[in-house]
Amino acid sequence: MIFAEDDFQTFKNWLDLDINSITWEGRSSDSFFKFWKSLFKEEISPLEMSQRFDYARKLVKSGPLISWLTWLYEKFLVYVYIHFDVSVRELALKFGLEEKYLSLVIRDHLIKVYPLYEDLINERFMISNVRSENLFLRFQDISSILGPGATARGSFEEEVFTKIEVTLYPEWPSLVKELSKDIISLKIDFDKFKKKGSFKNQVRFVQEVTLLLLFLSIVVFSLKNANRWYENYMVNKITLFEPNFFWLDKSLTYQDQDLLAKDQIDLSNKELEDLERIEAQKVFTDDISETRYDPESDVVILNSIEEVPKSFLDAESEKSLYEETKKGGLRGNSLAASKDKAYRIMMTSVEPDGMKNRILPLLEKFGVSQVDNVKPGTEIPGGIYFNLHVPSQNLKEFMSEVSAFGEATIFESRAQGRDEPGKNRVFIWVKSI
């Protein structure tokens, strides 16, 4: 199959292009006809035609111009299928295309021409495998059913590419110029070239290649050795400043000497007696600094409630640090201390308010009263304060129940002065942690 100039002219008439719109009212008609003549060169095979379209699409970068060239190429494939007695497989082999792609292009065109026969066209142009019978379908096989409408015209009224002004794109002049060079048609006849090449010329060619490879090997070997020599030369030129211990006398060896063994200490009897006399004396004395506070007198820490006496006569008040009217305390006084005892219960709790709510009901239960003007359970910085008078007969039970609420330390001290008869002073401090 070889395309002649008449085939391209028939294709242009079948395509029915709006030349007036494409050439911008005829202003670029010369450029368009030059492009047409360069692209559709006479006496050309289908494979060469396909190559020329591929080359033209590679020359441009604008999307609309590429789309127009693709549309023109697909229209030419449909034209060849309709006007030449070829099947889908033959056409695909001649143009070097895939059979499925070519079948899809032809099917889309025929559906637009014959919309009433869409189901028939889809069925006849569907290619499911390489052995499908539809690959051998020719247009003449279905033209009796569809009609001759496809042979009359290849474009439609709604198609934009028939009137697009492609000559106005900036890449159009360079496209026409490159296609006019006819680069694709230049080919080398390798068979003819092989015939001209004699055995003598082939041997000479092998010799030249061998000499060239030998020369390159010598150059590479020379560069490698030269580089190695230069590296050694630079290493010898570089001097590193580092300690040098080769000047030491290696004949000298280390000798272990006991310096004290050589020094003999000779002392007379009189000197030894003087040393013993000095050693017996108190040369060093420890200075004991005076304490900055007076220690609490007669304070005993009770480890158990069982150590509390079963009966008490009186108890003294604790000296309050939180606005008590009566100034006194539980601290012993060596000058005016009585034989009565007072108690302090020191407790710690993470919930001092909960501890307070558990202690307050015991005051009414055991007949406990407050000592001074500070209400029992008053919150002060650091905890809760109780300053109480506890009846002597209830003291042990009261202290036992209070200490059972948490970790408690009970202090017993000699009271200062006297208080209400039949009662003991008990100070409770619940520290918040």
Aromatic rings Phe76 and Phe8: how do their planes relate, parallel, tilted or perpendicular, breaks at 30° and 60°?
tilted
Listed by chain and number, what are the side chain to side chain contact (heavy atoms under 4.5 Å, CB included) partners of [X], not counting sequence neighbours?
X      : answer
Val350 : Ile433
Glu351 : Ser349
Lys75  : Phe11, Leu15, Trp71, His109, Phe156, Glu159

Restricting to side-chain hydrogen bond (donor to acceptor under 3.5 Å, both in side chains), what partner residues turn up for Glu401, sequence neighbours left out?
Lys365
Please enumerate all residues that pass side-chain hydrogen bond (donor to acceptor under 3.5 Å, both in side chains) together with Arg124, with sequence neighbours excluded.
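Arg124 satisfies side-chain hydrogen bond (donor to acceptor under 3.5 Å, both in side chains) with no other residue.
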Looking at Gly422, is its backbone amide N or carbonyl O close enough to the side chain of Ser392 to form a donor-acceptor pair, meaning the two atoms are under 3.5 Å apart?
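Checking the backbone N and O of Gly422 against the side chain of Ser392, a donor-acceptor pair under 3.5 Å is found.
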Only distances under 3.5 Å count here; give the side-chain donor-acceptor pairs of residues 114-121 to other protein atoms, sequence neighbours excluded, each with its distance to 0.1 Å.
residue, atom, partner, partner atom, Å
Tyr114, OH, Gly147, O, 2.6
Tyr114, OH, Gly149, N, 3.1
Tyr114, OH, Ala150, N, 2.8

Proximity of Phe3 and Tyr79 rings by center, below 6.0 Å:
no
Ring centroid separation Trp172 to Phe35 under 6.0 Å:
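When the ring centroids of Trp172 and Phe35 are compared, they turn out to be within the sub-6.0 Å range.
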Note, Tyr169 side chain near Trp68 side chain (heavy atom, < 4.5 Å)
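Counting from C-beta outward, Tyr169 and Trp68 never come under 4.5 Å.
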So, for [X] and [Y], which heavy atoms are closest and what is the spacing to 0.1 Å?
X      : Y      : answer
Glu99  : Val88  : O-CG1, 4.1 Å
Gln370 : Pro376 : OE1-CD, 3.2 Å
Leu395 : Val390 : CA-CG1, 3.9 Å

Looking at Asp54 and Arg57, does any basic side-chain N land under 4.0 Å from a carboxylate oxygen?
yes
